[in-house]
Amino acid sequence: MAEESGQERTEEPTQKRLDDARRKGQIPRSRELNTFVVLMAGILGCGVFGGYMAKGLAQVMTTNFRLPRETLFQPGAVLEHAMAALLDALLLLTPLLAIMVVAAVAAPLLLGGWLFSWESLQPKFSKFNPAEGLKRMFGVRGLMELAKSLLKMLLLGSVAYGILRILEADVLALAGEDLAAAVADGLKDLWWSTLLLGASLAVLAGIDVPYQLWDHRRKLKMTLQEIKDEMKESEGRPEVKSKIRQLQRERSQQRMMEEVPEADVVVTNPTHYAVALRYDQTRGGAPRVVAKGVDLIAAQIRNKAVSAGVPLVAAPPLARALYHSTELEREIPEALYLAVAQVLAYVYQLKTARTPHESPAPPSDLPVPEEYLQEN
């Protein structure tokens, strides 16, 4: 798509692009690193368990190559001994095989981490296209693979030649030793030679790993237009965002209405504004605004308060000051402490009055600072 628009992929991939690629199974992998780890694990495993396996295999061969004459003529006896020998050999090789299996599983984790993707298992018919195959063969990646193959041949050939030059005298000396000593020394020289050859592959892995990381980032690079489109997609369409904001307002209003029955008083305008206050003496601090609204929402707050038995106090200047100065679940400003205290005192006296004649008069001329009146 970038080629069609004429834009170059110059921007680093976003986190979403990287996550999408990983979900599709596109992560950096290095075959040279995998080969090096598995080969070295096998060589070191042979070094550790080689003596044990050699003795065990020699015992298996000795036992099964010296079968009694009568056993050879028993129907099925030879096959039974062969199966037993095969099982014994597999048990002897189990430690080495286990080490190599662990190395084969752990090697990819060193670069791209563990990943299982169903999308990567789906067949891609583009891989059967000869044109695409030729493009991959003669592309940058194909040339890189060719260069790595040539470098591998040159490196392994040079190391093998150097090893043969170093071990030339030892190899010739094997002819003058007895069979058991010659076999032991020959296997020792062979193990060290293999170890040096395997270790030389670390050079290829050290070259291939940075290249694979660079090539992976290069393939995922984006154009400026792709980044813009991704931002639009992540932010959502205007109608979707509007719907989300509407749902958020509805949920917020619902939670606010649930707090009204727990309020101590609702200060009203008396029709346009309504602010519900709650003062928790055990918690300390100042009274908090638990609900507020104008017009229709104010009417809903008043109705909810009346149903729950929460007192309504008509104080227009204070209601407007509280509405404009204090957010939900916030404490009232210090400048309104005195006015709110008079309202709460009135509410507490109202609750303790035993008869209507003992009911106090509603507060009037509440001390609302001039700056709050001017803001309203």
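- Using a 4.5 Å heavy-atom threshold, the side chains of Val203 and Leu155 count as touching.
- A distance of 13.0 Å separates CG in Asp208 from CZ in Arg29, rounded to the nearest 0.5 Å.
- A donor-acceptor distance shorter than 3.5 angstrom exists from the side chain of Lys292 to the backbone of Tyr323, with no hydrogens or angles considered.
- Smallest separation of non-hydrogen atoms from Ala41 and Ile99: O-CG2, 3.7 Å.
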Practice prompt. Under the side chain to side chain contact (heavy atoms under 4.5 Å, CB included) rule, what do Met256 and Ile297 come out as? Steps first, then yes or no, please.
Written response: CA-CA 10 Å; Met256 183 178 66; Ile297 297 179; 3.8 Å; yes
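- In this structure, NE2 in His216 is found 4.5 Å from CG in Leu220, a value given to the nearest 0.5 Å.
- Considering only residues two or more places apart in sequence or on other chains, Ser158 meets the side-chain hydrogen bond (donor to acceptor under 3.5 Å, both in side chains) condition with none of them.
- Taking the six-membered ring wherever Trp is involved, the centroid distance between the rings of Tyr273 and His324 falls below 6.0 Å.
- The minimum heavy-atom distance linking Leu336 with Ser325 is given by the pair CD1-OG, 3.8 Å.
- Val102 and Val48 fall into different hydrophobic clusters, where Ile, Leu, Val, Met, Phe, Trp and Tyr are joined by side-chain heavy atoms under 4.5 Å apart, directly or via other members.
- No chain of hydrophobic side-chain contacts below 4.5 Å, direct or via other Ile, Leu, Val, Met, Phe, Trp or Tyr residues, connects Leu190 to Leu93.
- What you find for Leu318 and Ala339 is that their closest heavy atoms are CD1-CB, 4.0 Å.
- Interatomic distance, Leu57 CG to Asp88 CG, rounded to the nearest 0.5 Å: 9.5 Å.
- Residues Lys304 and Pro261 are in side-chain contact: their nearest non-hydrogen atoms beyond the backbone lie under 4.5 Å apart.
- For the atom pair Gln254 CD and Glu258 CD, the distance stands at 5.0 Å (nearest 0.5 Å).
- Residues Val290 and Glu329 meet the side-chain proximity criterion, which asks for heavy atoms closer than 4.5 Å.
- Lys148 places no side-chain N or O within donor-acceptor distance of the main-chain N or O of Ile207, the cut-off being under 3.5 Å.
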Practice prompt. Evaluate the criterion salt bridge (charged side-chain N to carboxylate O under 4.0 Å, His left out) for residue pair Arg218 and Asp215; output intermediate values, then yes/no.
Written response: CA-CA 5 Å; Arg218 179 186 63 84; Asp215 188 54; 2.5 Å; yes
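- In terms of modelled atom types and a separation under 3.5 Å, the side chain of Asn303 and the main chain of Ala299 share a donor-acceptor contact.
- Cation-pi check for Arg217 over Trp214 is not met; the charged atom does not lie both under 6.0 angstrom from the ring centroid and within 45 degrees of its normal.
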Worksheet item: Going through the checks in order, is the side chain to side chain contact (heavy atoms under 4.5 Å, CB included) test met by Leu156 and Leu201?
Response: CA-CA 8 Å; Leu156 294 178; Leu201 293 178; 3.9 Å; yes
Practice prompt. Starting from the C-alpha separation in whole Å, work towards a yes-or-no answer on side chain to side chain contact (heavy atoms under 4.5 Å, CB included) for Leu322 and Val340.
Written response: CA-CA 10 Å; Leu322 289 170; Val340 173; 4.2 Å; yes
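- Between the Arg330 side chain and the Val289 main chain, no donor and acceptor come within less than 3.5 Å of each other.
- Put simply, the side chain of Arg278 does not reach to within 4.5 Å of the side chain of Pro287, judged on heavy atoms.
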Worksheet item: Given the rule in the side chain to side chain contact (heavy atoms under 4.5 Å, CB included) test, do Tyr346 and Leu350 qualify, once you have shown the distances and angles that lead to the verdict?
Response: CA-CA 6 Å; Tyr346 164 73; Leu350 192 64; 4.0 Å; yes
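- In this structure, Leu338 is not a member of the same hydrophobic cluster as Leu344, with clusters built from ILVMFWY side-chain heavy atoms closer than 4.5 Å.
- Taking CE of Met53 as the reference point, atom CG of Leu91 lies at 13.0 Å (rounded to 0.5 Å).
- Hydrophobic cluster membership differs between Leu87 and Leu92, with clusters built from Ile, Leu, Val, Met, Phe, Trp and Tyr side chains linked at under 4.5 angstrom.
- For the pair Ala274 and Val266, the tightest heavy-atom approach, listed with the atom from each and the gap, is CB-CG1, 4.2 Å.
- Distance CG/Leu164 to CG/Asp170: 12.0 Å, rounded to 0.5 Å.
- Sorted by first and then second residue, the side chain to side chain donor-acceptor pair (under 3.5 Å) pairs involving residues 175-204 (not counting sequence neighbours) form an empty list.
- Checking side-chain atoms of Asp264 against main-chain N and O of Tyr279 turns up a donor-acceptor pair under 3.5 Å.
- When side chains are defined from C-beta on, Lys152 counts as touching Glu32, because their heavy atoms get closer than 4.5 Å.
- Inter-residue side-chain proximity for Ile332 and Tyr337 is flagged as met; some heavy-atom pair is nearer than 4.5 Å.
- Linking Ile, Leu, Val, Met, Phe, Trp and Tyr whenever their side-chain heavy atoms come within less than 4.5 Å puts Ile301 and Val294 in one cluster.
- Annotation: side chain of Val209 is in contact with side chain of Leu213 (closest heavy-atom distance under 4.5 Å).
- Between Glu11 and Glu226, the closest side-chain pair of non-hydrogen atoms is not below 4.5 Å.
- For the residue pair His272 and Arg302, the shortest heavy atom distance occurs at N-NH1, 4.5 Å.
- Contact record, Gly42 with Met100: CA-CG, 3.9 Å, taken as the closest heavy-atom pair.
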